[in-house]
Amino acid sequence: MGTGITLSDKGTMIIPDDPIIPIIAGDGVGPDIWNATRPVLDAAVEKAYEGRREVAWLPIRAGETCWKETGEFVPRESMDAITTYRVALKGPLSTPVGKGFRSVNVLLRRLFDLYACIRPVSHIPGVPSPVKDPDAVNMVIFRENTEDLYAGIEWDAGTDEAARIIALIRELTGRELRPDSAIGIKPISETGSKRLVRMAIQYALDHKLPSVTLVHKGNIMKFTEGGFRRWGYECAAEEFGDVTITEEEVSKNGGVVPAGRIVIKDRITDAMFQQILLRPREYSVLAMPNLNGDYMSDALAAQVGGLGMAPGSNVGDGYAIFEATHGTAPKYTGLDKINPGSMILSGALMFDYMGWTEAADLIRKGIAAAVAARTVTYDLARQMEGATEVACSAFGKAICRHM
C-alpha cells in the first residue's frame with residue numbers, strides 16, 4: 001500500500017502521510033545495516049506521529065550483487081520506481097578500482113540529475129574523534145555531483161583516442177604531453193556551478209547560517225575551478241544581492257556584517273583543509289566542485305568520528321536519494337557487525353527533507369543517547385573506555401530504546 005510523492009505546480013514535493021519510499025539495501029554489508037535501520041526509522045515515525053503517518057517501503061535492486069544475478073546494474077523497474085516515487089534511500093554499492101564499471105552511485109546521480117551531494121557534518125558527544133575539539137565542527141557540504149572528473153571522460157594511455165587528444169592539445173596550445181599519457185577531461189559549467197551555489201545559499205538562508213564558502217583550486221585551474229569561484233560570486237550578487245555580502249565588502253565596512261546578511265567567502269582547496277582543522281568555527285556552509293567535495297566531506301567526517309556516523313544525500317530538482325556514505329566492507333558481509341549509523345542518520349536527513357522533522361529529531365536523540373550509554377558497535381567500542389560492544393542490529397534496538 002502507500003501513496004506516491006508528487007510535485008506541485010511550483011515544483012515542490014507534496015508528501016502524503018503514507019509515502020512509498022524505494023529502498024536499495026545495497027552490496028556487502030548493505031543488507032545488515034538496512035535490517036538495523038528500518039526498525040529505527042519505523043519506530044521514530046510511530047513515536048512521533050502515533051499512527052498518523054507511516055512509510056511504505058518498496059524494496060528495489062541495484063549494484064554489483066544485482067548485476068551478478070540479473071546482468072543489470074540498475075534494472076528498469078528500479079529506475080521506474082525512483083522516477084515514480086521521487087525519494088529513495090540506499091545502502092552502500094560496490095565501486096571497483098581501476099577496472100570494470102565506473103560507479104552505480106555516479107550512474108544514479110546522472111540518471112536523476114542529482115546535482116547536489118549534501119552532507120551535514122557535526123559531532124555526536126561521546127563519539128571518539130582524532131581532534132581535540134570535534135564539537136567545533138558544524139558544517140554542511142554542498143558538493144557538485146554531476147561534473148568535474150566524475151563526468152568520466154578519459155582515454156587510456158597508448159590508445160588511438162589518447163594519441164589524437166594529445167595531438168589536438170599540441171595543435172591548440174603548442175604544449176607537448178608525453179605520448180604514453182592517459183588523458184582525462186574535466187568539465188565544469190556555469191550552469192552546474194550556479195545551480196549548486198544557489199541551493200547552498202538558499203540552505204544558509206533557510207537555516208539562518210552566517211556564511212557560504214566557495215572552495216576551489218582556481219589559482220591553478222583558472223577556467224574550471226576559477227570559473228566555479230567566479231560563477232558562485234555572480235550567483236550570489238545577481239540572485240541574492242539583498243541578503244549576501246562578500247568578505248571584501250565586510251572589510252570595507254570595518255569588519256561588520258550587516259544584520260541579516262550571509263557572508264560569501266572563497267578558499268583555495270589545500271588551504272581549506274587546514275582551515276577545517278585549525279578554524280572550523282568560522283565556516284558553516286561549504287560549496288565546491290565534485291572532487292574537492294569528495295575529499296573534504298570525508299576529511300570532515302573523520303574529524304567527528306568517521307564515515308560510520310556520516311549521513312549523506314543526493315538532491316536534484318524533483319528527486320532525492322539518501323545514502324550511507326561508507327563502502328560495502330565485504331569482509332563483514334552477513335556478520336551483523338558494521339555500524340549502521342550512517343544509513344540511520346541518512347534516513348533522518350530524508351525525514352528532514354520530507355518535513356517530518358519530529359521523527360528526524362527522535363532518531364538523532366536516540367543515537368546520541370545510545371552513544372552516551374556506551375552501547376555501540378565495534379568501531380566505536382574499541383575506542384571508548386567502558387563501552388559495551390553490540391551487534392549492528394542490537395545498536396539499532398538501543399537507538400529505539402533511547403528515543
Checking Lys90 against Phe322: charged group under 6.0 Å from the ring centre and within 45 degrees of the axis?
no
Taking the six-membered ring of Tyr150, is NZ or CZ of Arg110 closer than 6.0 Å to its centre and within 45° of its axis?
no
Before giving the answer on salt bridge (Lys or Arg N to Asp or Glu O under 4.0 Å), spell out for Glu249 and Lys252 the whole-Å C-alpha distance, their side-chain angles and the decisive distance to 0.1 Å.
CA-CA 5 Å; Glu249 291 168 333; Lys252 292 178 180 178; over 6 Å; no
Checking salt bridge (Lys or Arg N to Asp or Glu O under 4.0 Å) for the pair Asp352/Arg364: CA distance, chi angles, key distance, verdict?
CA-CA 11 Å; Asp352 284 331; Arg364 297 185 184 102; 2.3 Å; yes
Give the minimum heavy-atom separation between [X] and [Y], together with the two atoms involved.
| X | Y | answer |
| --- | --- | --- |
| Val376 | Val371 | CG1-CA, 4.1 Å |
| Asp17 | Arg52 | CB-O, 3.5 Å |
| Leu362 | Ala44 | CD1-O, 3.7 Å |
| Ala62 | Leu93 | O-CD2, 3.5 Å |
| Arg61 | Ser78 | O-OG, 2.6 Å |
| Ile60 | Pro22 | CD1-CB, 3.7 Å |

Between [X] and [Y], is any side-chain donor less than 3.5 angstrom from a side-chain acceptor?
| X | Y | result |
| --- | --- | --- |
| Asp160 | Trp155 | no |
| Ser393 | Asp336 | yes |
| Ser211 | Ser284 | yes |
| Arg119 | Ser297 | yes |
| Thr146 | Glu144 | yes |
| Asn292 | Glu225 | yes |
| Thr65 | Asp27 | yes |

Quick test of your reading of the model: are [X] and [Y] salt-bridged, counting only N-O distances below 4.0 Å?
| X | Y | result |
| --- | --- | --- |
| Glu161 | Arg164 | no |
| Asp361 | Lys365 | no |
| Glu247 | Arg267 | yes |
| Arg109 | Glu323 | yes |
| Lys337 | Glu389 | yes |

A side-chain contact here means heavy atoms from C-beta on lying under 4.5 Å apart; do [X] and [Y] qualify?
| X | Y | value |
| --- | --- | --- |
| Met350 | Ile21 | yes |
| Asp133 | Arg281 | yes |
| Pro258 | Asn253 | yes |

Look up atom [atom1] in [X] and atom [atom2] in [Y], then write down how far apart they are to the nearest 0.5 Å.
| X | Y | atom1 | atom2 | answer |
| --- | --- | --- | --- | --- |
| Ile264 | Ile245 | CD1 | CD1 | 10.0 Å |
| Leu286 | Leu300 | CG | CG | 6.5 Å |
| Asp379 | Ile338 | CG | CD1 | 7.0 Å |
| Gln274 | Arg279 | CD | CZ | 10.5 Å |
| Leu307 | Asn339 | CG | CG | 10.5 Å |
| Met354 | Ile14 | CE | CD1 | 13.5 Å |

Intermediate values then yes/no, side chain to side chain contact (heavy atoms under 4.5 Å, CB included), Thr83 and Phe112
CA-CA 8 Å; Thr83 300; Phe112 296 98; 3.3 Å; yes
Taking Asn219's backbone N and O only, do any of them form a donor-acceptor pair with Lys222's side chain (distance below 3.5 Å, no angle check)?
yes
Is Thr3 reaching over with its side chain to a backbone N or O of Pro19, donor-acceptor style, under 3.5 angstrom?
no
State whether the number of non-hydrogen atoms from other residues, nucleotides or ligands found under 6.0 Å of Tyr353 atom OH is greater than 12.
yes
Pairs involving residues 208-235, ordered by first then second residue, that meet ring pair (Phe, Tyr, Trp, His ring centres under 6.0 Å) (sequence neighbours left out):
none
Provide the full list of ring pair (Phe, Tyr, Trp, His ring centres under 6.0 Å) pairs with a residue in residues 355-403, sequence neighbours left out, each pair given once.
Tyr49-Trp356, Tyr332-Tyr378, Phe351-Trp356
Please step through salt bridge (Lys or Arg N to Asp or Glu O under 4.0 Å) for the pair Arg198 and Glu238, ending with a clear verdict.
CA-CA 10 Å; Arg198 181 180 303 118; Glu238 294 167 1; over 6 Å; no
Where do Lys217 and Asp270 land on the salt bridge (Lys or Arg N to Asp or Glu O under 4.0 Å) test, with the steps shown first?
CA-CA 8 Å; Lys217 193 63 178 172; Asp270 44 332; 3.2 Å; yes
Between Glu46 and Asp42, does the side chain to side chain contact (heavy atoms under 4.5 Å, CB included) criterion hold? Intermediate values first, please.
CA-CA 6 Å; Glu46 173 59 32; Asp42 287 341; over 6 Å; no
Please test Asp266 against Val215 for side chain to side chain contact (heavy atoms under 4.5 Å, CB included), starting from the C-alpha separation and ending with a verdict.
CA-CA 6 Å; Asp266 77 273; Val215 183; over 6 Å; no
Stepwise, does the side chain to side chain contact (heavy atoms under 4.5 Å, CB included) test hold for Val131 with Leu277?
CA-CA 8 Å; Val131 299; Leu277 286 167; 4.0 Å; yes
Among Asn105, Asp113, Asn145, whose side chain to side chain donor-acceptor pair (under 3.5 Å) with Asn314 holds?
Asn145
Looking at Val315, Asn290, Asp317, which hits side-chain contact (heavy atoms from CB on, under 4.5 Å) with Tyr115?
Asp317
